[in-house]
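First the structure, in the form of structure tokens, and then the observations on it.
Note that the structure is a prediction, hence the values are computed from the model and not measured. We use all heavy atoms of the structure for the numbers below, so side chains are in, but hydrogens, waters and symmetry mates are not.
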Amino acid sequence: MSGLAYAGLLLAATACMALLDRRFNLVLWRDRRRSLLVLATGIVVFLLWDVAAISLGFYHRGDSAAMTGLMLAPELPVEELLFITFLCYVTLVLRGLVELCLARVGEGAR
């Protein structure tokens, strides 16, 4: 597996979430400013969590051929930032989908 495969797959999955988001107007296309603030907050919280885990010795960079080797900090690979971004974004999109489904069920009950 190429050194960019995992990063590429994370970017592709995030792009798919963006397409779903755009198609159903769930998050970023509904309220861009608020969504970006929530997304950024989630990313910062998880990065701080990772930094704390690294400093306490609980977290170490893995050794895989799928890793790019690019590091944001000691023991913090760039793939972690991509994964955290995907995780936060997919959570926001899932919340938007649930909200949309509940609204459509409510409309059908009338």
Return a table of donor-acceptor pairs under 3.5 angstrom between the side chains of residues 33-50 and protein atoms on other chains or two or more places apart.
unit_1	atom_1	unit_2	atom_2	d
S35	OG	V27	O	2.9
S35	OG	D31	O	2.8
T41	OG1	L37	O	2.8

Q. Which residue pairs pass the salt bridge (charged side-chain N to carboxylate O under 4.0 Å, His left out) test when at least one of the two sits in residues 85-99, sequence neighbours left out?
A. R30-E99, R95-E99
Q: Please write out which residues are connected to L56 in a hydrophobic cluster, directly or through intermediates, given that two of Ile, Leu, Val, Met, Phe, Trp, Tyr count as joined at side-chain heavy-atom separations below 4.5 angstrom.
A: F58
Q. Do the side chains of L70 and L72 join up, straight or via other hydrophobic residues, at under 4.5 Å, putting them in one cluster?
A. yes
Q) Any chain of hydrophobic side-chain contacts (each under 4.5 Å) joining L87 to L26? A) yes
Q: Would you kindly confirm whether L4 and M71 end up in one hydrophobic cluster when ILVMFWY residues are joined by side chain heavy atoms under 4.5 Å apart?
A: no
Determine all donor-acceptor pairs shorter than 3.5 Å in which one atom belongs to a side chain in residues 73-82; sequence neighbours excluded.
unit_1	atom_1	unit_2	atom_2	d
E75	OE1	R61	N	2.7
E79	OE2	T68	N	2.6
E79	OE2	T68	OG1	2.8
E80	OE1	Y59	OH	3.3

Q | Which residues share a ring pair (Phe, Tyr, Trp, His ring centres under 6.0 Å) with F83, sequence neighbours left out | A | none
**Q.** Those residues that, when tested against R22, pass side-chain hydrogen bond (donor to acceptor under 3.5 Å, both in side chains) (two or more places apart)
**A.** none
**Q.** From CA spacing to verdict: side chain to side chain contact (heavy atoms under 4.5 Å, CB included), Y89, L28
**A.** CA-CA 10 Å; Y89 191 39; L28 291 177; 3.7 Å; yes
Distance-only criterion, 3.5 Å: show the donor-acceptor pairs between side-chain atoms of residues 8-17 and protein atoms not counting sequence neighbours.
unit_1	atom_1	unit_2	atom_2	d
T14	OG1	L10	O	2.8

Q: Check ring pair (Phe, Tyr, Trp, His ring centres under 6.0 Å) between W29 and all other residues, then give those that pass, not counting sequence neighbours.
A: none
